Amino acid sequence: MFTLVAGSVPAGLGATAKRGSLWRFRATADVFPSFIPKEVERIKDPFARKLATRIERLPVQLSSSNSCIMSSCVKPLSPSKTSPVVLLHGFDSSCLEWRYTYPLLEEAGLETWAVDILGWGFSDLERLPSCDVATKRDHFYQLWKSHIKRPMILVGPSLGAAVAIDFTTNHPEAVDKLVLIDASVYTEGTGNLMKLPRAVAYAGVYILKSIPLRFYANVLAFKSISFTRSSDCTKVGRLHCLYPWWEDATVNFMISGGYNVSSQIQQVKKKTLIIWGEDDQIISNKLAVRLHCELPNAIIRQIPDCGHLPHVEKPHSVSKLIMEFVQEDSYKEAQCISQY
């Protein structure tokens with residue numbers, strides 16, 4: 001299939017792509033990594049297709065076992081002088097969640113990584129490790145230690161915010177600043193799901209992968225979305241579910257109890273940017289105010305006319321906020337120098 005500028009992108013991005021200020025899309029065949037499910041060819045969104053061509057697998061050695069996991073991510077094209085920006089994703093998603101914002105951050109000169117959380121995304125889990133919180137944390141730490149190697153600006157949307165808080169409280173040396181987007185940090189793990197019989201859990205996971213449920217989730221997640229775009233977003237969002245190990249990994253996470261980080265929030269001392277869609281129908285923006293009050297060193301920015309996924313629905317706004325947050329210390333330092 002050929003890459004063309006299509007209509008299944010957020011408002012404004014199509015015109016931007018045509019002007020060339022994002023990746024240039026030509027009528028040339030996309031070459032996807034061989035480990036990506038072949039159904040990627042059915043995706044029309046040129047930004048998703050382009051980012052999918054950039055996905056690679058890096059070796060990550062877990063500290064808890066001898067297992068080396070070939071772990072999926074999108075690496076930066078070149079390093080920068082500022083702290084690397086590392087993008088996590090939400091529950092049962094992948095690095096393709098960043099298909100619109102990633103190129104904007106990269107174009108701005110930021111060293112940008114998009115990392116798949118263990119158990120989701122496009123890593124090779126044929127020899128399935130545990131996918132509980134502790135193993136997810138260890139996997140991400142070992143990836144950071146082996147490949148990123150510098151304190152990072154850690155960005156977590158939705159459940160990815162819980163991943164970021166859990167990671168930061170356990171490995172503060174690895175994090176410079178935090179960005180939390182429509183953060184899902186007040187749920188008590190997977191709740192009663194951890195008590196389900198395995199057969200029932202697998203039945204639930206089968207429904208989780210279903211096209212109707214994924215389509216409906218898109219309708220809830222966006223302030224407004226067309227049928228065509230929601231259909232394509234569904235293909236992007238469930239692409240990683242097509243691996244044979246996905247169901248086992250997801251059930252393993254569910255019965256392990258999941259993330260419960262509300263007690264860790266006040267332990268986070270890092271400077272934090274909270275971004276929230278004003279029209280989030282999944283997590284009330286009242287919780288943004290609560291989070292702002294509980295984090296010792298945070299600022300908050302709300303995005304109007306935006307739902308639960310600002311980095312997908314309003315990528316220009318999100319990338320601008322992240323860029324300003326990353327660069328503010330450099331700007332203040334330059335101001336101080338100029339006064340002498």
Side-chain angles (χ1 to χ4, degrees), residues 1-58 71-80 84-90 93-116 120-123 155 157 160 218 222 225-226 228-243 309-320 322-323:
M1 189 171 180
F2 293 93
T3 297
L4 299 169
V5 175
S8 59
V9 297
L13 279 186
T16 304
K18 290 175 184 177
R19 290 198 304 270
S21 62
L22 282 176
W23 285 319
R24 294 181 180 276
F25 298 110
R26 301 186 300 259
T28 55
D30 290 314
V31 179
F32 300 107
S34 59
F35 57 80
I36 299 292
K38 64 182 183 303
E39 286 81 0
V40 68
E41 293 286 359
R42 300 176 185 173
I43 294 171
K44 297 177 181 178
D45 184 339
F47 293 89
R49 293 175 65 87
K50 187 67 175 181
L51 194 60
T53 66
R54 294 271 305 273
I55 297 172
E56 54 187 289
R57 285 174 170 173
L58 302 177
S71 306
S72 51
C73 66
V74 178
K75 288 174 57 179
L77 294 175
S78 59
S80 71
V85 176
V86 180
L87 309 172
L88 302 175
H89 55 74
S93 186
S94 76
C95 57
L96 292 180
E97 200 173 290
W98 291 96
R99 54 196 177 274
Y100 306 128
T101 303
Y102 188 101
L104 294 168
L105 296 173
E106 191 168 66
E107 186 187 53
L110 300 182
E111 180 182 333
T112 308
W113 295 70
V115 174
D116 282 335
W120 300 312
F122 303 100
S123 299
V155 184
N218 284 325
F222 290 83
I225 186 171
S226 68
T228 300
R229 187 178 173 210
S230 185
S231 296
D232 210 44
C233 285
T234 299
K235 294 173 186 174
V236 174
R238 69 188 297 271
L239 185 63
H240 68 284
C241 302
L242 303 179
Y243 285 120
L309 301 173
H311 53 302
V312 182
E313 194 167 7
K314 300 284 186 179
H316 286 285
S317 298
V318 170
S319 62
K320 184 174 184 291
I322 292 175
M323 286 185 280

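One is the number of the first residue; the rest follow in order along the sequence. Treat the numbers as computed from the prediction; the structure is a model and nothing was measured.
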Exercise. Would you check, one step at a time, whether the test side-chain contact (heavy atoms from CB on, under 4.5 Å) holds for Leu96 with Phe122?
Key: CA-CA 10 Å; Leu96 292 180; Phe122 303 100; 3.9 Å; yes
Quiz item: Who passes salt bridge (charged side-chain N to carboxylate O under 4.0 Å, His left out) against Glu97, sequence neighbours left out?
Solution: none
Practice problem: Keeping the roles fixed (side chain from Thr112, backbone from Leu110), state whether a donor-acceptor pair exists under 3.5 Å. | Solution: yes
Quiz item: Looking only at heavy atoms, which two atoms of Ala48 and Ile43 are closest? And how far apart?
Solution: CB-CG2, 4.0 Å
Practice problem: State, to 0.1 Å, how close Ser80 and Glu111 come at their nearest heavy-atom pair, and which atoms those are. | Solution: N-OE1, 3.1 Å
Self-check item: Chi angles and distances behind the side-chain contact (heavy atoms from CB on, under 4.5 Å) call for Val40, Arg49
Solution: CA-CA 7 Å; Val40 68; Arg49 293 175 65 87; 5.6 Å; no
Quiz item: Which heavy atom of Thr53 sits nearest a heavy atom of Pro33, and at what distance?
Solution: CA-CD, 4.1 Å
Exercise. Please tell me if the side chains of Trp98 and Val74 come closer than 4.5 Å, counting only heavy atoms from C-beta onward.
Key: no
Practice problem: Check for a donor-acceptor pair, side chain of Ser72 on one end and backbone N or O of Ser123 on the other, with a separation under 3.5 Å. | Solution: yes
Quiz item: Does Leu58 reach the side chain of Cys73, with side-chain heavy atoms less than 4.5 Å apart?
Solution: yes
Quiz item: What's the verdict on side-chain contact (heavy atoms from CB on, under 4.5 Å) for Phe47 and Val236, showing C-alpha distance, side-chain angles and the deciding distance?
Solution: CA-CA 11 Å; Phe47 293 89; Val236 174; over 6 Å; no
Quiz item: What are the two closest heavy atoms between Ser94 and His240, and how far apart are they?
Solution: CB-ND1, 4.5 Å
Quiz item: Of all residues at least two apart in sequence or in a different chain, which pass the salt bridge (charged side-chain N to carboxylate O under 4.0 Å, His left out) check with Lys75?
Solution: none
Quiz item: Are Leu239 and Ile36 close enough that some pair of their side-chain heavy atoms sits under 4.5 Å apart?
Solution: yes
Self-check item: Non-hydrogen side-chain atoms of Trp120 and Ser93 separated by less than 4.5 Å
Solution: no
Quiz item: Is there side-chain contact between Val318 and Tyr100, with heavy atoms separated by less than 4.5 Å?
Solution: no
Self-check item: Gap between atom CZ of Phe222 and atom NZ of Lys314 - 0.5 Å precision
Solution: 11.5 Å
Quiz item: Thr101 side chain to His311 main-chain N or O, any donor-acceptor pair under 3.5 Å?
Solution: yes
Quiz item: Rounded to the nearest 0.5 Å, what separation is found between the NZ atom of Lys235 and the NZ atom of Lys44?
Solution: 5.5 Å
Exercise. Nearest 0.5 Å please: distance from the OG atom of Ser226 over to the CG atom of Asn218.
Key: 10.5 Å
Practice problem: Measure across Ser319 and Leu104 and return the closest heavy-atom pair with its distance rounded to 0.1 Å. | Solution: OG-CD1, 3.6 Å
Quiz prompt | Qualifying residue, where the test is salt bridge (Lys or Arg N to Asp or Glu O under 4.0 Å) with Glu106 and the options are Arg99, Arg54, Lys50 | solution = Arg54
Self-check item: Nearest atoms (heavy-atom pairs only) where Tyr243 meets Pro37
Solution: OH-CD, 3.5 Å
Quiz item: Please walk me through it: do Phe32 and Lys38 pass side-chain contact (heavy atoms from CB on, under 4.5 Å)?
Solution: CA-CA 9 Å; Phe32 300 107; Lys38 64 182 183 303; over 6 Å; no
